[in-house]
Amino acid sequence: MAPPSPTDGPRALRLPAWAWAWASLALVLAFVYLRGIGSDPLRWEEPRRALVATEMIHRADYVVPRLLGEPYLNKPPMQSWLIVLLAGGEARRVGPLSVRLPTVLAVAGIAVLLFRLGISSACGPRALPALVFLTFGMLPQYGRPGEMDLVFTLWVAAALAAFEVGRRRGAPAWQWVVSQALVGAGILTKGLAPLFFHPPVLVATWRRRSACGPSPLPPASS
């Protein structure tokens, strides 16, 4: 038996170029969206969001949002509910992280939806729609602050995704129950705004199918 060579040993981990590219992209996106979200001071509308969520917890009233003791009816309560949830229902934990995390999670959720419902493999890579979305030049401006725009966009995108999933799978419950429930979540986030986007897109999707044709959703990786 030949003696072991001094160069023998555990081999260095070698990843394909595409894996390094994805890892680099993930690091860049994490730096852009996560840097300072828990330490930068609140600004713009964020202090108002934090105050409303704090009063919800102190008063144990999660139906009528209040600001400085007065009913705050300018915006629906969904954003405040998410802040309370991410703060664990504790007023002392309402701060920059709990205020901004719903927006960051919404960006990630929209990217996942676009990836899962992307172009079929016969026509192009599924990752392309998600990459286009994540590389929008103005997205970092709206994808970090504790505002409701991206949360609202997530609900609308999820409603459209549920409708499309139901169409592909022949499941009316996804098309008409789950989809409309998600529209309701969008209304609880930004009023009637989803009604300006959801029905027109459904009509356009129904009338003009993709040139690739409907394809079954890829199985979720275990």
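The model shown is predicted, which means the values in this text are computed figures rather than measured ones. Note: hydrogens, waters and symmetry copies are ignored here, and every other heavy atom, side chains too, is used.
In plain terms, the two heavy atoms of R66 and D61 that are nearest each other are NE-OD2, 4.0 Å. Pairing each heavy atom of W155 with each of M78, the nearest pair is NE1-CG, 4.1 Å. The two residues P76 and G191 make their nearest non-hydrogen contact at CG-N, 3.3 Å. Taking all atoms of both residues into account, the shortest heavy-atom contact from V52 to P65 is CG1-CB, 3.7 Å. Scanning both residues, S80 and A53, for their nearest heavy atoms gives O-CB, 4.2 Å.
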Kindly indicate, with the supporting measurements, whether the criterion side-chain contact (heavy atoms from CB on, under 4.5 Å) is fulfilled by V107 and F133. CA-CA 9 Å; V107 171; F133 168 72; 4.1 Å; yes

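For residues 188-197, the salt bridge (Lys or Arg N to Asp or Glu O under 4.0 Å) pairs, not counting sequence neighbours, are D149-K190. Residue pairs meeting the salt bridge (Lys or Arg N to Asp or Glu O under 4.0 Å) criterion with at least one member in residues 41-53, sequence neighbours excluded: E45-R48, E46-R100, R49-E147. The stretch residues 151-163 participates, sequence neighbours left out, in no salt bridge (Lys or Arg N to Asp or Glu O under 4.0 Å) pair at all.
If you take OG1 on T153 and CG on L113, they are separated by 11.5 Å, rounding to the nearest 0.5 Å. Remark: F152 CZ to Q79 CD distance equals 12.5 Å, nearest 0.5 Å.
The number of heavy-atom neighbours closer than 6.0 Å to CH2 of W81, taken from other residues, nucleotides and ligands shown, is above 12.
Residues that satisfy the side-chain hydrogen bond (donor to acceptor under 3.5 Å, both in side chains) test with R93, not counting sequence neighbours, are absent from this structure. Not counting sequence neighbours, the partners of A106 by the side-chain contact (heavy atoms from CB on, under 4.5 Å) test are L150, V151, L154.
In the hydrophobic clustering of this structure, V178 does not group with V112; members are Ile, Leu, Val, Met, Phe, Trp, Tyr whose side-chain heavy atoms approach within less than 4.5 Å, directly or through other members. Residues V94 and L51 fall into different hydrophobic clusters, defined by Ile, Leu, Val, Met, Phe, Trp and Tyr side chains chained together at heavy-atom separations under 4.5 Å. If you chain together hydrophobic residues whose side chains sit under 4.5 Å apart, I187 and M148 never meet in one group. Residues M56 and Y72 fall into different hydrophobic clusters, defined by Ile, Leu, Val, Met, Phe, Trp and Tyr side chains chained together at heavy-atom separations under 4.5 Å.
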Please output the side-chain donor-acceptor pairs of residues 83-92 that fall under 3.5 Å, not counting sequence neighbours, one pair per line with the distance.
residue, atom, partner, partner atom, Å
E90, OE1, R92, NE, 3.1
E90, OE1, R92, NH2, 2.8

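Judged by distance alone, with hydrogens and angles left aside, the side-chain atoms of S179 form no donor-acceptor pair with the main-chain N or O of W176 at under 3.5 Å.
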